[in-house]
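The block underneath contains the structure these notes are about, expressed in structure tokens.
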Amino acid sequence: MIEERETQKVLELLTEIGEMMMTSGAHTARIIRNLERFAKGLGFHCELVLTYTGIVISIYKRNKFKTRTLARTVRDKGTNFETISEISILSWDVLENEIPIAEIKSKLEQIKQRKIYYNFQLYFLAPFASVALCMLFDGDWIQALIVYISTFAGFYARRTLVLKHYNHLMTFFIASTLSTLIIHFAGIFFHVQVEQALIVSILYLIPGVVMINSFIDYLEGYFESGTARFIFSSMAILMLAFGFFASNMIFNMPFVNELSLFDFSNLQTQVKAAFEPTGFALQVSKLIFGGITSLGFALIFNTSKRALWTVFLLGAVGYFIKYLLFQELGVNLILSIFVASSFVGISGMYFAHRTHTPPIIFMIPAVINMIPGLISYKFMMGMIDWISNSRGQRPSVEEVIETFSYGITTLFILFALAFGIAFPIIVFKSYTVKGKDLNVLIKKIFKK
């Protein structure tokens, strides 16, 4: 009876840990590896079946036929890299030091209650990711200010709705519509150009973590979870596009242009001319804004503070490599992004040992600044023109081909981003953050 009660406690504990990791945005292989460490540290073997909305765990000691199984539905979804990091560290602690269940539960409760960033910090600092993206896409400071306000409003709306457990897909639509409405309104009301602002208007909502986790699941062989994540991220992007489309339709109405009350177009031209960097200053600005973009997304993903300097460094250098290859050397865009994301992936494996953090936690924010904003924007605008039929005639064959080429290019860029990050994780997954320093591997390679 005592053994049965102990087994049940361990089973419930593992299920709780698995649920915490699933709701924090961990990919399937990481969840399984961490739970296996916990189980082994507590003297058990475990077998798991994970789906996107549920977890099934079976544990046993010696006799595999004497197993206990527990299944739990996991509905909530989110991203909390701090939770993933702390649970990973705790799993090694349990494996090496055989920590009792009561102490593990106490530490898990501390992880749950831990709050790295206050709400005002998130709402104030996270929009700077969109501001930096706007500058990377050659926007001006007036557009950057508009983007900051629109991102603040959209991020606040979505986070508030998510915390109140509203449907996640609907929160994407509401935040997308709100952000683009503000930008459209500012463009008409103040008579300023807002194209770059619209290009980055909804990029902060892109489900990058889910998309990359989907690709990692596919590479690891977890096709069910990978497919579910891919479908969810596709639906989220569809809702973002629908919000963008709804806002665009509203501001295409004839009477809306009458809302223009001020003319700041000359001021915008002057600001752009006065603050537009050139030469070496332009390259430095790309480096800095690339890092700031990654930092902003790191805050949105609740990344550990100890990893922020790594996120900034990888984000800045990774984007600069992409910029240098594509803009300065004329390398193909997809290849440039693949090389840059591979640099982030391989470097991330190294820095994981320096920050004691799972590498994926700072890899994902570091490559978000390479999302194909301009190309996806052109694809969406082409589709909107088809649907709205604003010119009263069917699109030409050339326009159809051009629009689809933008869409296909966007998919291949996202593929290159995901593969650049996922490949080093799969290749070096045996060289973990704990116990096997990648420096040792590097030395062995060069000695050969």
Side-chain angles (χ1 to χ4, degrees), residues 1-114 213 216-217 220-222 224-226 228-229 302 304 352 356-358 360-361 429-430 432-436:
M1 291 295 292
I2 295 176
E3 185 175 340
E4 288 184 2
R5 285 198 295 268
E6 180 191 6
T7 303
Q8 186 63 29
K9 286 181 179 179
V10 172
L11 186 58
E12 291 175 355
L13 176 66
L14 293 179
T15 306
E16 180 184 359
I17 295 170
E19 184 177 5
M20 287 176 64
M21 296 197 72
M22 290 178 70
T23 56
S24 298
H27 60 86
T28 303
R30 174 156 295 281
I31 297 172
I32 291 176
R33 286 199 296 268
N34 284 0
L35 290 180
E36 286 177 344
R37 286 190 212 122
F38 277 107
K40 188 175 181 181
L42 294 168
F44 286 84
H45 302 280
C46 75
E47 294 183 358
L48 302 101
V49 176
L50 298 177
T51 67
Y52 192 58
T53 57
I55 180 171
V56 180
I57 302 181
S58 296
I59 63 171
Y60 59 93
K61 280 199 169 181
R62 292 168 296 277
N63 190 344
K64 193 172 182 179
F65 295 99
K66 291 184 178 180
T67 64
R68 278 185 174 269
T69 302
L70 182 62
R72 182 170 296 177
T73 301
V74 182
R75 297 291 185 188
D76 292 334
K77 294 291 179 287
T79 305
N80 191 326
F81 283 171
E82 171 70 4
T83 296
I84 297 173
S85 177
E86 291 302 313
I87 288 178
S88 181
I89 294 171
L90 180 59
S91 70
W92 282 109
D93 201 11
V94 171
L95 179 63
E96 296 177 348
N97 300 315
E98 299 181 357
I99 299 175
I101 294 177
E103 187 175 344
I104 296 173
K105 286 185 175 181
S106 175
K107 291 187 176 183
L108 286 176
E109 194 60 34
Q110 292 176 14
I111 293 173
K112 285 181 182 179
Q113 300 299 326
R114 185 171 300 162
N213 282 345
I216 294 175
D217 283 351
E220 293 272 15
Y222 301 106
E224 297 84 359
S225 298
R229 285 190 167 96
N302 209 37
S304 305
H356 304 290
T357 304
I360 198 71
I361 286 175
K429 67 179 181 180
S430 61
T432 58
V433 175
K434 186 77 171 179
K436 294 182 180 179

When rounded to the nearest 0.5 Å, the distance separating CD1 of I17 from CD1 of I87 is 6.5 Å
For N213 and H27, the nearest pair of non-hydrogen atoms, with its separation, is OD1-CB, 3.5 Å
CD1 of I360 to OG of S88, rounded to nearest 0.5 Å, is 12.5 Å
Side chain to side chain donor-acceptor pair (under 3.5 Å) filter on E12, not counting sequence neighbours, yields Q8
By ring pair (Phe, Tyr, Trp, His ring centres under 6.0 Å), Y222 pairs with (sequence neighbours left out) none
* **Backbone of F81 reached by a side-chain donor or acceptor of S85 within 3.5 Å** => no
From the list R72, K105, K112, salt bridge (charged side-chain N to carboxylate O under 4.0 Å, His left out) partner of E16 resolves to K112
Inset, instruction - Find out whether I31 and M22 are in side-chain contact, i.e. whether some heavy atom of one side chain is under 4.5 Å from a heavy atom of the other. - result: yes
All heavy atoms of S91 vs all of R37, minimum pair found to be OG-NH1, 2.9 Å
Value for CG (L13) from CG (L70), rounded to nearest 0.5 Å, stands at 11.5 Å
Sequence neighbours excluded, the answer for ring pair (Phe, Tyr, Trp, His ring centres under 6.0 Å) partners of F38 is none
task: Would you mind checking if K40 and E36 are paired as a salt bridge, meaning a charged N to carboxylate O distance below 4.0 Å?
output: no
Residues S225 and T51: closest non-hydrogen pair is OG-CA, 3.9 Å
CD1 (I361) and CD (E82) are apart, to the nearest 0.5 Å, by 8.0 Å
Side chain of S106, backbone of A102: donor and acceptor closer than 3.5 Å?
-> no
One should read off an interatomic distance between R30 CZ and I216 CD1, to the nearest 0.5 angstrom, of 9.0 Å
query = Any side-chain heavy atom of I84 sitting closer than 4.5 Å to one from M21?
reply = yes
- prompt: Are N302 and T83 side-chain neighbours, meaning at least one heavy-atom pair lies under 4.5 Å?
  reply: no
What one should report as the nearest heavy-atom pair of I59 and C46 is CG2-CB, 3.7 Å
Closest non-hydrogen contact found for K61 with H45 is O-CD2, 2.8 Å
Heavy atoms of Y60 and E47 approach each other most closely as OH-OE2, 3.9 Å
Taking the side chain as every heavy atom from C-beta outward, state whether L42 and I104 have any atom pair closer than 4.5 Å.
yes
Rounding to 0.5 Å, atoms CG (L50) and CD (E224) come to a distance of 10.5 Å
Side-chain touch E220/T28, heavy atoms, less than 4.5 angstrom: no
